[in-house]
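On a predicted model such as this, the values are computed, not experimentally measured, just so you know. Chain letters run A, B, ... following the sequence lines, proteins first, then strands; residues in each count from 1.
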2 protein chains.
Amino acid sequence: MALYGERGYEETTVAEIAERAGLTKRTFFRYFTDKREVLFWGSELLEQQMVAAIEAAPASASALGMIGAALDAAAVRFEEVREFAGPRHRIIAASPELRERELIKAASLAAAMARALRARRFGDTAAVLAAHTGTTVMHVAFEQWVDDPNQTAFQQIARDALAQLREIASTG
Amino acid sequence: MALYGERGYEETTVAEIAERAGLTKRTFFRYFTDKREVLFWGSELLEQQMVAAIEAAPASASALGMIGAALDAAAVRFEEVREFAGPRHRIIAASPELRERELIKAASLAAAMARALRARRFGDTAAVLAAHTGTTVMHVAFEQWVDDPNQTAFQQIARDALAQLREIASTG
DNA sequence: CTAGCTGATGTCACCTGGTGTCATGACCGT
DNA sequence: ACGGTCATGACACCAGGTGACATCAGCTAG
């Protein structure tokens with residue numbers, strides 16, 4: 001991340017990263033499948049925690065209610081890594097390649113949450129819609145959170161965004 | 001698309017595509033920035049038409065109402081290319097690289113629709129949420145449409161999906 | 001203690017996507 | 001017939017990524 005920050009993602013070569021870490025290019029590619037992947041370490045963990053939140057949600061909850069629980073779980077994780085979130089986000093935002101990778105991570109997350117929702121007896125279409133809506137809300141909230149000068153809690157921003165979505169969907 | 005279909009995307013080399021088309025690798029890259037991009041020709045057109053639908057929607061419409069209009073516009077386009085949609089979709093679904101590209105196209109579409117919604121005086125967050133929700137509905141509907149043995153109209157599937165989303169969001 | 005196994009790393013050769021640069025040649029208006 | 005513009009080809013080059021093999025440390029069995 002230091003190198004990507006200093007010289008930009010495109011201009012940084014894998015050989016350089018490896019050298020700075022005291023390894024070989026070949027070894028780098030044994031740890032990370034990709035030059036991109038190195039920026040997406042924690043993503044499986046986040047996915048697991050959000051899925052777990054859906055699995056643990058009360059049976060009385062609605063689909064979007066369970067998504068709300070998953071977002072609360074994400075909030076915990078995000079606050080833990082707040083200090084790296086900003087720089088990392090700027091690096092990703094500056095590179096189309098990295099944005100692509102971020103989007104497919106989000107899609108994978110959505111698919112996992114959709115599976116979890118189906119397991120909670122929601123219908124197919126409903127589960128997929130709710131899950132994707134959840135990642136959308138997460139990203140919208142993330143963008144507001146990451147550059148917020150007041151350091152408002154992610155949980156609060158996400159809950160507001162989710163409420164706003166409900167409002168949009170019920171109006172008209 | 002023929003070559004990608006025959007031998008798979010990864011196994012097809014740009015030199016081969018160029019040869020089959022009677023050109024050079026170099027010339028290929030002057031037309032398409034990417035090996036991937038060749039599968040996403042019509043995407044700007046689709047984007048323009050969906051944005052135009054939002055711009056033309058009656059002022060009384062809600063945000064999701066305008067998204068509905070945009071989906072109707074997409075329906076027209078999709079029906080025009082129905083015969084290629086299936087094979088193309090299968091090729092893309094089989095390759096992570098291509099899925100990434102598809103996702104960023106969807107994100108670009110969502111951003112364009114969000115801009116259009118802001119221009120129609122919707123709030124920032126509302127516009128972004130509605131726009132992303134629209135692309136989500138579009139993809140869900142597309143998956144149902146593309147392999148539907150009854151050849152149900154895209155418009156109908158999309159409208160059903162949108163209605164289902166409204167229901168999810170208002171329940172609980 | 002040593003022989004042999006295992007797993008992590010380095011070395012090297014190679015392929016392919018992608019780009020910069022220059023040459024070639026077709027077409028076009030004058 | 002002339003000069004200019006534009007598309008294409010030819011070629012060299014770089015970086016991401018992979019396969020194959022060598023090396024070496026640590027461990028375990030006898």
Mind calculating the distance between [atom1] ([X]) and [atom2] ([N]) to the nearest angstrom?
{"X": "B:Glu11", "N": "D:dG17", "atom1": "CD", "atom2": "P", "value": "17 Å"}
{"X": "A:Phe29", "N": "C:dC14", "atom1": "CZ", "atom2": "C1'", "value": "15 Å"}
{"X": "A:Tyr4", "N": "D:dA15", "atom1": "OH", "atom2": "C1'", "value": "12 Å"}
{"X": "A:Lys35", "N": "C:dG18", "atom1": "NZ", "atom2": "P", "value": "13 Å"}
{"X": "A:Tyr9", "N": "D:dA15", "atom1": "OH", "atom2": "C1'", "value": "11 Å"}
{"X": "A:Phe28", "N": "C:dG10", "atom1": "CZ", "atom2": "P", "value": "13 Å"}
{"X": "A:Glu10", "N": "C:dG18", "atom1": "CD", "atom2": "C1'", "value": "11 Å"}

_Residues in ring pair (Phe, Tyr, Trp, His ring centres under 6.0 Å) contact with B:Tyr4, at least two apart in sequence or another chain_ = B:Tyr9

_Contacts of type ring pair (Phe, Tyr, Trp, His ring centres under 6.0 Å), residue A:Phe40, not counting sequence neighbours_ = none

*Can you sort out the partners of A:Glu80 under salt bridge (Lys or Arg N to Asp or Glu O under 4.0 Å), two or more places apart, ordered by chain and number?*
A:Arg77

_Holding to salt bridge (Lys or Arg N to Asp or Glu O under 4.0 Å), I want the full list of residues that pass it with A:Arg159, two or more places apart in sequence or in another chain._
A:Asp72

_A:Thr152: which residues meet the side chain to side chain donor-acceptor pair (under 3.5 Å) condition with it, sequence neighbours left out?_
A:Asp148

*Taking the side chain as C-beta and beyond, is there a heavy-atom pair between B:Gln164 and A:Val128 under 4.5 Å?*
no

*asked:* For DNA chain D, which residues of residues 92-103 of chain A approach it to below 4.0 angstrom with any heavy atom?
replied: none

*Tell me which residues in residues 13-20 of chain A put a heavy atom below 4.0 Å from DNA chain D, sorted by number, or none.*
A:Thr13, A:Val14

Listing, residues 13-33 of chain A side-chain donor-acceptor contacts under 3.5 Å, not counting sequence neighbours, or none:
residue : atom : partner : partner atom : Å
A:Glu16 : OE1  : A:Thr13 : N            : 3.1
A:Glu16 : OE2  : A:Arg7  : NH1          : 3.3

*Could you give all pairs that pass the side-chain hydrogen bond (donor to acceptor under 3.5 Å, both in side chains) test and reach residues 40-50 of chain B, with sequence neighbours left out?*
B:Glu47-B:Ser108

*So does A:Arg88 have more than 12 non-hydrogen atoms from other groups sitting under 6.0 Å from CZ?*
yes

*Could you give all pairs that pass the ring-ring contact (aromatic ring centres under 6.0 Å, His included) test and reach residues 110-135 of chain A, with sequence neighbours left out?*
none

Hey, what are the protein-to-nucleotides 8-10 of chain D N/O distances that come in under 3.5 Å?
residue : atom : partner : partner atom : Å
D:dT8   : OP1  : B:Tyr31 : OH           : 3.0
D:dT8   : OP2  : B:Tyr31 : OH           : 2.6
D:dG9   : OP2  : B:Thr24 : N            : 3.1
D:dG9   : OP2  : B:Thr24 : OG1          : 2.6
D:dG9   : OP2  : B:Thr27 : OG1          : 2.5
D:dG9   : O5'  : B:Thr24 : OG1          : 3.0
D:dG9   : N7   : B:Arg30 : NH2          : 2.7

*Listed by chain and number, what are the side chain to side chain contact (heavy atoms under 4.5 Å, CB included) partners of A:Pro58, not counting sequence neighbours?*
A:Ser60, A:Ala61

